[in-house]
> 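Dumping the structure here so I can ask a few things about it.
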Protein chains: 2
Amino acid sequence: MEPKRSLYRERPAAEFDIGDGDGGEMSESGSEGLAFRPLYAQVRARLVQRLISGEWTPGMMLPSEFQIAKELGVSQGTVRKALDAMTAEHLLVRRQGRGTFVAIPEESRILFKFFRLVADDGTRLFPRSEVIGRGRSRACALIRDQLKLSPKDDVWWIDRVRRLGEKPVIVERVTLPVARFETLGAMETIPNNVYALYSEHYGITIGRAAEKLKAKLASDHVATHLGCSLGDPVLQVERLALALDDTPVEHRLSTCLTEDFHYGADL
Amino acid sequence: MEPKRSLYRERPAAEFDIGDGDGGEMSESGSEGLAFRPLYAQVRARLVQRLISGEWTPGMMLPSEFQIAKELGVSQGTVRKALDAMTAEHLLVRRQGRGTFVAIPEESRILFKFFRLVADDGTRLFPRSEVIGRGRSRACALIRDQLKLSPKDDVWWIDRVRRLGEKPVIVERVTLPVARFETLGAMETIPNNVYALYSEHYGITIGRAAEKLKAKLASDHVATHLGCSLGDPVLQVERLALALDDTPVEHRLSTCLTEDFHYGADL
DNA sequence: CAGTGGTCTAGACCACTTC
DNA sequence: AAGTGGTCTAGACCACTGA
């Protein structure tokens, strides 16, 4: 029974000592100015990296807790804490008796996480989308700023009309940096669920998004596509979607009819 | 070293055996139809009950994990899991080295949890409210339904105008069941933060809320109080606020100017 | 039946705050 | 120095799934 190594002390000196099984002990010197980072957070970062790198792809089953623990040289409880955190972020799905799986952007409510328009009677329909225009251009200053692009960077834009039932309810423009989606221009059709596209074709998983909502009056363009009158009240939703590493990926400006639908938010 | 008692088996038969230190063992019979409820969830429910009952009031320091564990006859780790869950719900605040405290509805971002109107430049101002009318009446069908009241129940209503900076931005009606707020009519003034009022005077803590957003055109009433024109686009926010035990407490219908502000949502 | 995640415990030690 | 929460480990057992 060898003495336990000190887990906390050696960490500031080496963030990468997970799994080396034998940390250095030269840490008695003062000036520990570094921020403390718990082991489970390091484990989580490592596992997230495997999602980003594509080593683990959506739907895939992860190794068991004990296997991961053994591989990284930590205890099973520590791995569990990292997995639980990732599950809370909807990156993973755990099923008792079956295993731990990489979350698929499609799954049921995961989808509704990013689609918050609900019928007033509470029924949740799934939108069908029709592309009404696509192209490539320079980014305007506003979008450039949000996507953190330089003035010479190009973007793809996709204009869509989305229907709930038969009625057109949303008209929107999705804007993507060409740099991250090089081959998008050659794609014949744009699928209904673009987040699944980002994931499957470009290895980019949208982790979270921030939305800004305003009330506006329907413009000519909006009224034409939604079949409402010029000047009708519409809900404008501006979204910035971020990847797992918190880099901005997509800008989206949606305009919604809220006569029979509403935007639902939980606080 | 006596044998460990079986923690899982005895639970379906007795949900209240926390702390008796000696559960019955007559559980071999079949037909375990009951839903399984983990120990930490039972602990959590007990602790939440102390918040609801007012035994623990906002700002108060809780006993240490070990004390609670000893009192309830469970391990410290189980208590921690319950406390962590409650912290995630913003019911408690934990400070390393100091202790665990009942969350105060005021605190910084806790407040902004329920106030999502932000200036377009990103600055978050705190709203000042002016009451423009109060009264008591029967509840209309829509509100009665949401607050789960019977046709003969009365409600209080409070109309307010809220300013961000100098500009009036929100006009709203807050509706409360008289049954839960008996003495509200005798109150001379309504404070700016009504959720602190619910907590301090009525022992009701708002745990979460659901909001429904729509775009509308400014009515006469709205235009008058917000100083905009009739027919300007406005954001209508309908909120149902729930207590810790998930019973509906407050209905609120707010109408907001979103010319220089937006409603921020994180997905 | 084996393998997985889920729960619970006991004990050690670290980090922070206050006295 | 004492007391708190925070982290980590090791091991036991329960509950669920699927072959």
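Order of the sequence lines fixes the chain letters, A, B, ..., with proteins taken first and strands second; residue numbering starts at 1 for each chain.
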> Give, for atom CD1 of A/Ile204 and atom CG of A/Asp245, the distance between the pair rounded to the nearest 0.5 Å.
9.0 Å

> What distance do A/Ser75 atom OG and A/Phe66 atom CZ have between them, rounded to the nearest 0.5 Å?
9.0 Å

> Would you indicate, yes or no, if C/dT7 has its OP1 or OP2 atom less than 4.0 angstrom from a side-chain nitrogen or oxygen of B/Lys81?
yes

> So which nucleotide from D/dC8, D/dT4, C/dG5 ends up closest to the side chain of A/Pro38?
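Of D/dC8, D/dT4, C/dG5, D/dC8 is nearest to the side chain of A/Pro38.
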
> If you look at every strand shown and take non-hydrogen atoms under 4.0 Å, does B/Glu65 touch a base, only sugar-phosphate, or nothing?
sugar-phosphate

> Between A/Arg95 and D/dT17, is there a side-chain N or O to OP1/OP2 distance below 4.0 Å?
no

> Can you check the A/Gln76 CD to D/dA12 P distance for me, whole Å?
13 Å

> Please report the distance, rounded to the nearest Å, between CE in B/Met61 and P in C/dT18.
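After rounding, the reported distance stands at 11 Å.
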
> Could you tell me the separation between the CD atom of B/Gln96 and the P atom of C/dC13, rounded to a whole number of Å?
18 Å

> Looking only at side-chain N and O atoms, does B/Tyr40 come under 4.0 Å of OP1 or OP2 in C/dC8?
no

> Specify the separation, in whole Å, of atom CZ of A/Phe66 and atom C1' of D/dC8.
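That distance rounds to 14 Å.
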
> Taking atom types as modelled, is there a side-chain donor on B/Ser254 or B/Arg162 under 3.5 Å from an acceptor on the other?
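Absent: no donor and acceptor within the cut-off.
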
> Are A/Glu182 and A/Tyr202 linked by a side-chain donor-acceptor pair shorter than 3.5 Å?
no

> Just how far, in rounded Å, is P of D/dT7 from CG of B/Leu83?
14 Å

> For A/Arg98 and D/dG18, is the shortest distance between a side-chain N/O and OP1 or OP2 below 4.0 Å?
yes

> Go through the N and O atoms of the side chain of B/Arg80 and the base of D/dG5, and report whether any donor-acceptor pair is under 3.5 Å.
no

> Report yes if a side-chain nitrogen or oxygen of B/Thr78 is closer than 4.0 Å to either non-bridging phosphate oxygen (OP1 or OP2) of C/dT9; otherwise report no.
yes

> Does a nitrogen or oxygen in the side chain of A/Ser75 sit under 4.0 Å from OP1 or OP2 of D/dC8?
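No, no such contact exists.
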
> Please give, in whole Å, the distance from C/dT9 P to B/Leu72 CG?
11 Å

> How close or far is atom P of C/dA10 from atom CG of B/Leu39, stated in whole angstroms?
12 Å

> Expressed as a whole number of angstroms, how long is the span from A/Leu62:CG to C/dG3:P?
19 Å

> Decide whether B/His251 and B/Glu238 meet the rule of one side-chain donor and one side-chain acceptor closer than 3.5 Å.
yes

